[in-house]
Structure formats: structure tokens, C-alpha cells
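In what follows, a single structure is set out as C-alpha cells and then discussed.
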Amino acid sequence: MSGAARGEEVARGAAARFAHPAEAEFARLLDFYGVRWEYEPRVFVLEREAEGRPTRCFAPDFYLPDQDLYIELTTLSARLTYRKTRKVRRLQALYPEVRIKLFDRRDLRSLLLKYDRSLGPVRG
Amino acid sequence: MTAPPAGVGEVVFTAAQIRGRVARLARRISQDYAGRELRLVTVLKGGIFFVADLARRLEVPVTLDFLAIAGYGSESAVGAVRLTKDLDESITGRHVLIVEDVVDTGLTLGYIHADLSRRGPASLRVCILLDRPHRRLVDLPIDYTGFEVPDRFVVGYGLDWRQRYRQLPYVAALAPEELEE
């Protein structure tokens, strides 16, 4: 799923496929400013068992191709965000060429406050 | 300094700190643009106090122009970002400095920068008072920065919350209870 190229309609139509309303809101924001995005386009393997089968993977929520930047959103409380933070750090260690930013609940709230929007229900 | 009004919390940057930083920015800009005329372009309404103070400190000839945009979430926003007030004069062949109050994601500034770039200015640079780089989604060259701002919702010196508090001479955190309205 990707957006911006076809405008807001993409985000609206696909909203039901987002894991959380905050992700749909984020997609609408990117569409509004014409920033191209892809939703969970790549799965990164973080751990493998001895035979090489992946045992731990991570698919960041958004990829912004023009910025070559992955974005992971979390609406979890600060206490529960550390697992996501660990995943992001692990990804950065294994794939140093990958640019990724974690937008936590506080970042999202600040971002949406700027536009006078609410974050939606808390997950987790 | 008079006490902050109800709804406003701790002062993050005092009026004196802002004055000092604006003067420093103006000195740098004046050196960089020595011998040239500069067109300052500001986005309404947040940048008006900053550009007014900055312009008065500059030692090079300046002209002013203003843009307004319908940003995400605004009443006049429909589908996509757009200008609601364009520049009054052409910037083709001019040395242009975009003067903005605050940049975090870079979405608004990215749109403005791209729009002005297409108009053929002789040069195009960016001067911001407040920067929140950790939330940047769109990378942009920022040529002049006043302060890095902590991760708090701030108001004053042009920055608003629902159009209020722009007139404060300092930058202050919005009181948490104001956000819970």
C-alpha cells in the first residue's frame, strides 16, 4: 500500500487496513503534503536460529522513498515503548545503512496537537 | 517581566535571550549577504514577530513579502496543502531568505521551499527561530537556526495555540491543562 501519488483517497480508502488509527492519520498527513509513502514495505530479519530460519522480524510502519527514511509509530505508553526502541536499535545495528525514526506516543501527540488533532485510542 | 497569562507555563526562552539570538543571526546574515539586497519571505502568521525583529537588525537592504498556507487540520484546508496568500512580487533573480518561526517535521517548510525554488530565485536560504530536528520527516538545508527547542508544546513570539498567545514577547511551554481542554 502506498500513498501521495494518488492523493488522499488512498489513505481514506485504505484506512481499514492500518493497524491503528494513528497510522491512518499519519498517512493522511503525508498525503496532504504530497510526501510519498509505503506502508510496511519491507520486513527486516533481526534474529535467526542456527539453521538460518528467521525467528524475530521487524516491519517498520512507513517508508518515505524520497527521504529514504523508515518511520515506526507507537502509541504505547512510555513504559511499554522500550521493546520497540530495542527493535529499532537492533535494526540499526544490523542494517546501519537504513535510516529509521521512532515516533513515540509523545511525538505523535505533539505532531497531532500542532494540527489540533487527537491521537485516538491507546494501544497496548 | 510580567507574569505569564493563564494557560501558559514555564518560560523556555526569555525575551532577552531571543533578542540576543536574533541579533546574532542578523549579524551572520548581514555578513553573508553583504553587497546584496535580500528578500525576506515569511509565512503568516507565526513568523511575523521574528521577521520584524530580524529585519530591523539587518545591515543589508531588505524587502519583505508574505505567504499564507492552509496547513493540515486548518479550516480552509481541502485535500492538499495550498497557498491561501501568494507573494505580492516575483522572486525571480532575487536573493530570498525564508524566515520561519519553527520547524519540526519539515512538511510545511518543504512545501514552501519547493514552491519558491521553482520560481527561479538567485538564491534561496532558510532562517528559523526554533528547530526540533528529532522529528524531521523531510530533510531540508537550514542555513540559520536560533534555538533547538525542547520537546514541549511552546507558544509566544508568534507561536500560537488555537490562535492565542502569539503576542507574548517570550517563548513558553503551554500549560498541560490547556492541552487537555
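So that the names make sense, note that chain A is the first sequence line, chain B the second, and so on, each numbered from 1.
Listed options B:Thr108, B:Leu137, B:Val138, B:Asp160 were ranked by heavy-atom pairs under 4.5 angstrom with chain A; first place goes to B:Leu137.
Smallest separation of non-hydrogen atoms from B:Val81 and A:Tyr33: CG2-CE2, 3.7 Å.
Counted within 6.0 Å of CZ on A:Arg83, heavy atoms from surrounding residues, nucleotides or ligands total 12 or fewer; the atom is thus considered open. Heavy atoms from other residues, nucleotides or ligands lying under 6.0 Å from CZ of A:Arg86 number 12 at most. Other residues, nucleotides and ligands place no more than 12 heavy atoms under 6.0 Å from the CZ atom of B:Arg94. By the 6.0 Å contact criterion, CZ on B:Arg119 is enclosed, its count of non-hydrogen atoms from other residues, nucleotides or ligands being greater than 12. Environment of CZ in A:Arg99: crowded, with over 12 heavy atoms of neighbouring residues, nucleotides or ligands closer than 6.0 Å.
Neither the backbone nor the side chain of A:Phe62 comes within contact range of chain B; no heavy atoms are under 4.5 Å apart. Of the atoms belonging to A:Leu29, heavy atoms from both backbone and side chain fall under 4.5 Å from chain B. Of the atoms belonging to B:Arg136, heavy atoms from both backbone and side chain fall under 4.5 Å from chain A.
Counting only heavy atoms from C-beta outward, the side chains of B:His134 and A:Asp107 approach each other to under 4.5 Å.
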